*Asks:* 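Got a structure for you, questions after.
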Amino acid sequence: WAYLAVTGIDDKLFGAPVCQQNVEAALHWMLQEFTIDADRIYLVGFSMGAGVASNFAARHRDPHDLMIAAIGCVAGSFDWSMTWLLDPSVQPWLSNAWNFGGPPAPTYFAYQRSSGLFFDPTTYPPPVGLNLGLVAMGRNLHGTPAYLAWDVGDTIAYLPAQSGALQAMLAGLGDTVAAHPVTGTLHPVTGQPATHSWAVLDEADLFSFLAPHTAVRQPASFVAQLDRNSRVSWASVRQRTAGAFSWLEGDADAGSGTLELWGTVNAAEVGVALDEAGL
């Protein structure tokens, strides 16, 4: 194993695009400087870092560029709109120009594009209610195995439900997801309660989960929610309107020589690489 502790420029950046650009640059540097299998890059994060790791994997699905083979999320925070509304102490950070430039309302797009989940704000406070899947970037993790660990008694009360919601979303897509809710986590040195900490994680179990997985660069079937002009599997989208989501689902069957695209929204142009679709 090779271990790289990337940062998003600063430890108070919540996975906004400029933060992810720094993570991407660090990963490209690693691949250039060391003998690393580009199909076996795994991202692991804690709390805010879990949210960044999951969203980075969801936003990087171009088969000719960086792709993440699997993710590990510990006590994850996946919805920055909820963080804004339920944790006023971090509002100055979230509204900083390097993050999202203001509060979620009147537009949620800046927050949603960097989040894995989005819960209907009218269902706050915890337990959280309806996860609005069509504006939750976690759908883009379809095909990316995920290991989720959390303590059900987390001191940040709204987080356990978020991990459960991400598990349910991925399971609903038929993905490989390993959920590990625990209770009563203690600090391994002090013996004090540590329900929101790395102590929640069984590291050996996580590595055993990650090791077999490699990036699936061109799955025959995909679900895509795109926040910019980008590519997934054998299809690429040029948006009709920037600063908004585009949606696309596809399926290719090499045996019958057929290809299907549906659910396409906000696309000026869709490109298809027939050879990469196996046709």
Side-chain angles (χ1 to χ4, degrees), residues 17 20 24 27-28 31 36-43 53-71 112-113 115-118 131-148 166-178 209-242 244-279:
Q20 295 197 24
E24 184 174 356
L27 293 177
H28 277 302
L31 290 171
I36 301 293
D37 185 348
D39 287 336
R40 297 187 65 206
I41 298 176
Y42 312 103
L43 285 184
S54 63
N55 187 258
F56 186 96
R59 292 183 75 240
H60 291 77
R61 300 179 66 192
D62 185 337
H64 300 291
D65 203 346
L66 284 173
M67 283 191 67
I68 305 304
I71 59 172
Q112 291 167 347
R113 73 187 303 199
S115 299
L117 301 172
F118 178 71
N131 173 44
L132 302 179
L134 284 179
V135 283
M137 286 289 286
R139 294 174 73 249
N140 260 21
L141 291 172
H142 180 45
T144 304
Y147 184 104
L148 309 177
L166 185 59
Q167 174 198 3
M169 174 183 284
L170 297 178
L173 291 170
D175 287 317
T176 300
V177 54
F209 173 84
L210 297 176
H213 295 298
T214 58
V216 181
R217 294 192 173 273
Q218 286 157 340
S221 302
F222 62 82
V223 176
Q225 177 173 319
L226 309 174
D227 66 327
R228 64 201 187 284
N229 294 338
S230 54
R231 178 169 177 166
V232 176
S233 188
W234 41 264
S236 60
V237 171
R238 180 170 60 85
Q239 292 188 307
R240 183 177 301 277
T241 302
F245 285 122
S246 298
W247 290 271
L248 179 69
E249 297 188 42
D251 179 72
D253 186 340
S256 62
T258 60
L259 178 148
E260 184 178 9
L261 292 168
W262 69 94
T264 307
V265 178
N266 189 30
E269 181 179 82
V270 176
V272 173
L274 291 177
D275 55 337
E276 295 180 10
L279 302 179

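Hydrogens, waters and symmetry mates are skipped; everything else that's a heavy atom, side chains included, is used. Because the structure is predicted, anything quoted here is derived from the model rather than measured.
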*Asks:* Under the rule for side chain to side chain contact (heavy atoms under 4.5 Å, CB included), what residues qualify as partners of A244, not counting sequence neighbours?
*Replies:*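 Side chain to side chain contact (heavy atoms under 4.5 Å, CB included) check on A244 returns N266.
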
*Asks:* Within this structure, what is the CD-CG distance for the pair Q112 and L117, rounded to the nearest 0.5 Å?
*Replies:*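 Result: 11.5 Å between the selected atoms.
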
*Asks:* Shortest non-hydrogen contact from P145 to H213?
*Replies:*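 Scanning both residues, the minimum pair turns out to be CG-ND1, 3.5 Å.
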
*Asks:* By side chain to side chain donor-acceptor pair (under 3.5 Å), which residues pair with Q239, not counting sequence neighbours?
*Replies:*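 Expected list: S246.
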
*Asks:* Assess whether side chain to side chain contact (heavy atoms under 4.5 Å, CB included) is satisfied between L166 and L148, documenting all intermediate values.
*Replies:* CA-CA 9 Å; L166 185 59; L148 309 177; 4.0 Å; yes

*Asks:* Taking only residues two or more places apart in sequence or in another chain, which ones pass side chain to side chain contact (heavy atoms under 4.5 Å, CB included) with Q20?
*Replies:*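 Expected list: N55, F56, R59, H60.
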
*Asks:* Applying salt bridge (charged side-chain N to carboxylate O under 4.0 Å, His left out) as the test, list every pair that has at least one member in residues 251-261; sequence neighbours left out.
*Replies:*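 Checked against salt bridge (charged side-chain N to carboxylate O under 4.0 Å, His left out) - neighbours excluded - no pair reaches residues 251-261.
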
*Asks:* Do you know which two heavy atoms are closest between L248 and A235, and how far apart they sit?
*Replies:*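 For L248 and A235, the tightest heavy-atom pair comes out as CD2-CB, 3.9 Å.
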
*Asks:* How far apart are the closest heavy atoms of A277 and A252, and which atoms are they?
*Replies:*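 Taking every non-hydrogen atom into account, O-CB, 3.6 Å.
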
*Asks:* To the nearest 0.5 Å, how far apart are CZ in R217 and CG in D62?
*Replies:*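 Answer for the CZ-CG pair, R217 versus D62, is 8.5 Å.
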
*Asks:* Once you round to the nearest 0.5 Å, how far does CZ of R240 lie from OG1 of T264?
*Replies:*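 It comes to 11.5 Å.
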
*Asks:* If the condition is salt bridge (Lys or Arg N to Asp or Glu O under 4.0 Å), which residues does R238 pass it with, not counting sequence neighbours?
*Replies:*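 If we apply the salt bridge (Lys or Arg N to Asp or Glu O under 4.0 Å) test to R238, skipping adjacent residues, the hits are E269.
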
*Asks:* Kindly write out the residues that satisfy side chain to side chain contact (heavy atoms under 4.5 Å, CB included) with A178, not counting sequence neighbours, or none if the list is empty.
*Replies:*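 Checked A178 against side chain to side chain contact (heavy atoms under 4.5 Å, CB included); matches are Y147, H180, F209.
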
*Asks:* Looking at side-chain heavy atoms only, is the closest gap between R61 and S230 below 4.5 Å?
*Replies:*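 R61 vs S230: side chains apart.
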
*Asks:* Return all side-chain donor-acceptor pairs below 3.5 angstrom for residues 63-70, not counting sequence neighbours, or 'none' if the list is empty.
*Replies:*
{"from": "H64", "atom 1": "NE2", "to": "E276", "atom 2": "OE2", "distance (Å)": "2.9"}
{"from": "D65", "atom 1": "OD1", "to": "H28", "atom 2": "NE2", "distance (Å)": "3.3"}

*Asks:* With rounding to the nearest 0.5 angstrom, report the CG to CG distance, L31 to D37.
*Replies:*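 Those atoms lie 9.0 Å apart.
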
*Asks:* What verdict does the side chain to side chain contact (heavy atoms under 4.5 Å, CB included) test give for V177 and L141, after you've listed the backbone C-alpha separation in whole Å, the side-chain angles of each residue and the deciding distance to 0.1 Å?
*Replies:* CA-CA 10 Å; V177 54; L141 291 172; over 6 Å; no

*Asks:* Which atoms form the tightest heavy-atom contact between G138 and L170, and what is the distance?
*Replies:*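 Smallest heavy-atom distance, with atoms named: O-CD2, 3.8 Å.
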
*Asks:* Tell me the closest heavy-atom pair linking V270 and A267, and the distance in Å.
*Replies:*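 Between these two residues, the closest heavy atoms are CG2-CB, 4.0 Å.
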
*Asks:* Give the minimum heavy-atom separation between R113 and D227, together with the two atoms involved.
*Replies:*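 Shortest heavy-atom separation between R113 and D227 comes out as NE-OD2, 2.9 Å.
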
*Asks:* Please determine whether side chain to side chain contact (heavy atoms under 4.5 Å, CB included) holds for the pair L279 and V272, giving the CA-CA distance in whole Å, both sets of side-chain angles, and the decisive distance to 0.1 Å.
*Replies:* CA-CA 11 Å; L279 302 179; V272 173; over 6 Å; no

*Asks:* Restricting to pairs with a member in residues 168-177, which pass salt bridge (charged side-chain N to carboxylate O under 4.0 Å, His left out), not counting sequence neighbours?
*Replies:*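 Qualifying pairs, neighbours excluded: none.
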
*Asks:* Report the residues that fulfil side chain to side chain contact (heavy atoms under 4.5 Å, CB included) with S236, sequence neighbours left out, ordered by chain and then residue number.
*Replies:*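 With neighbours one apart ignored, the set is R231.
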
*Asks:* Does any pair with a residue in residues 214-234 pass ring pair (Phe, Tyr, Trp, His ring centres under 6.0 Å), and if so which ones, sequence neighbours excluded?
*Replies:*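 Pairs touching residues 214-234 that pass the test: F222-W234.
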
*Asks:* Taking side chain to side chain donor-acceptor pair (under 3.5 Å) as the test, write out the residues that go with T144, two or more places apart.
*Replies:*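 Once residues adjacent in sequence are excluded, T144 has no partner under the side chain to side chain donor-acceptor pair (under 3.5 Å) criterion.
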
*Asks:* Among residues at least two apart in sequence or on other chains, which ones pass side chain to side chain donor-acceptor pair (under 3.5 Å) with T258?
*Replies:*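 By the side chain to side chain donor-acceptor pair (under 3.5 Å) rule, T258 matches S256.
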
